[in-house]
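Fair warning: this is a prediction, and the values are worked out from it, not measured in the lab. Below, chain A is the first sequence line, B the second, and so on; all start at residue 1.
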Amino acid sequence: MEIEFKVNGENVKIDVSPKKRLLDILREDLNLTGTKEGCGKGECGACTVLFNGERVNSCLVPALQLPGSSVVTVEGLRRWKSYPAIERAYVEHGAVQCGFCMTGFAMSTVALLKEQTFPLSREEIKWGLGGNLCRCTGYSKILDAVEEISHRDDILEQVHEDWQHEI
Amino acid sequence: MKSNQPLNSEKVFRPANLDELDALAAQTAEGVTYVAGATDLLVQEERWKSARILVDLTAVKALHATLEVRENGVLIGAAVPLSRLIRHPLIRERLPILVETCRQIGSVQIQNRASLGGNIANASPAGDTLPVLSVLEAELRIGPRQNGEFEKLSLDQVMLGPGQTSLNGNRYIAQIFIPFPPRDAFWYFRKVGQRQALAISKVSLAVLGKKKEEKIEEIRICPGSVTPQIVRAQKTESLLRGQPLTEERIEKARAAIECEVSPITDIRSTTEYRRRITGELLREALYLWLRN
């Protein structure tokens, strides 16, 4: 079926099977390989993207629900003004080892910063990132990074501003 | 000999409103596959692969966007994402048991897609909202409409067992009406799973109660994940109803519910574990009520 939707702010038109997963459309049809496939069952969060402004597992979104929607992937997120500060926090806390889960964590982090009232407690961060699995770095450093970001008013303001421009 | 028909010739419908949806449901002879948040559907490979006529319920505003707070309850579109319920200030205030349950389902990514209608239609005994909808005595509105009216059914009239519903002939869940419990009602929901996020429940328990002059005026108890159908523990309820809540009564209730439920053994847990934990959860719930 023919599908028109927006990816990272640009209009896209493709002809795909209605059952094709958003994850595969991004990686195969649009060559946006920043979004990763982990479990393919909505459990690991590696394929997290923003879909109409909400974070979802792109492995669970079928093409037939895409017409008219707006999707943001990590390739789009990298252009956000708030992104370098988030990246720096992850790097400075040593929260990135193999990096496979990282694009999913980055998407979940901006969504969490947008969704929640601040500052976030450690428990709230754990709950908010519960849908993302990391199998090598471990969670303490990731939680440290996000905890630091969630206390930085300048980053939070920038995330909210970016959200209005980019979604 | 090769067929001229392409192998995967799926048909897709995205009805723009209820009238289009009802016409489609009534006029399609073949069984259709309704798609809401797709969080269960896409991981059920056989079912998903064999689906030929796909109907996107998120295209229908009455199902995907309806959230009407009324004086006595709230009307929720069957395909409304759980996260909208979690964030809604009035639902948080009046239906904390539902909000807490939704928060414990999957992850935020899942909650942004999953819906009450999907949880019911998927008909898993481990569907976490089911025991809660049962104690809240939710009313399900089933389409297509007959003479302009949805059919109104209770949860146990729709969910018949694992993967089994009474929704044959392209009938669909349109909306769910949840009456508000009294503001001072006691509520409890706990699920026991392998881990907190993204775990399918081994056992869960929902309790809703109301006291009047130190006696239990009303109590509704519903275990989840333990039996094929979602049924309230009516014998245990009647042991408590009209009685003062005492430690002795709590111990009796625990023993009663352990006799009343007949849990299954499956990949996630055993009959004996589920029976014991159901009793322990009820004990915990009632002690919390006693002390608050």
remark   = Residues at least two apart in sequence or cross-chain that pass salt bridge (charged side-chain N to carboxylate O under 4.0 Å, His left out) with B/E20, listed by chain then number, are none
key: Proximity breakdown for B/A51 and chain A, heavy-atom pairs closer than 4.5 Å   =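 Both parts, heavy atoms under 4.5 Å.
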ask   = For B/R87, is it the side chain, the backbone, both or neither that has a heavy atom under 4.5 Å from a heavy atom of chain A?
value = side chain
query = Can you tell me how far the CD1 atom of B/I86 sits from the CD atom of A/E115, to the nearest 0.5 Å?
reply = 9.5 Å
task = First locate atom CD of B/E45, then atom NZ of A/K41, and finally report the distance between them rounded to the nearest 0.5 Å.
result =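 With rounding to 0.5 Å, CD (B/E45) is 7.0 Å from NZ (A/K41).
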Minimum-distance pair of heavy atoms, taken over all atoms of [X] and [Y]:
X: A/W127; Y: B/R103; answer: NE1-O, 3.1 Å
X: A/G131; Y: B/S107; answer: CA-CB, 3.3 Å
X: A/G40; Y: B/V43; answer: O-CG1, 4.5 Å
X: A/Q65; Y: B/A36; answer: NE2-O, 2.8 Å

inquiry  = Contact between B/R14 and A/P67 at the side-chain level, heavy atoms closer than 4.5 Å - yes or no?
reply    = yes
key: Within-4.5 Å side-chain heavy-atom neighbours: B/L42 and A/P62   =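 Heavy-atom side-chain distance check passes, below 4.5 Å.
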query = Just by distance, do the side chain of A/R55 and the backbone of B/N112 share a donor-acceptor pair under 3.5 Å?
reply =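 Absent.
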task = For B/Q109 and A/V49, indicate whether the former's side chain and the latter's backbone hold a donor-acceptor pair under 3.5 Å.
result = no
message = For B/R190, I'd like to know if atom CZ has over 12 heavy atoms of other residues, nucleotides or ligands within 6.0 Å.
response =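 Count not over threshold, so no.
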message = Between A/K19 and B/L54, is the side chain to side chain contact (heavy atoms under 4.5 Å, CB included) condition met? List the steps.
response = CA-CA 9 Å; A/K19 287 184 185 170; B/L54 302 156; 4.1 Å; yes
query = Checking side chain to side chain contact (heavy atoms under 4.5 Å, CB included) for the pair B/I110/A/L60: CA distance, chi angles, key distance, verdict?
reply = CA-CA 9 Å; B/I110 298 291; A/L60 296 182; 3.8 Å; yes
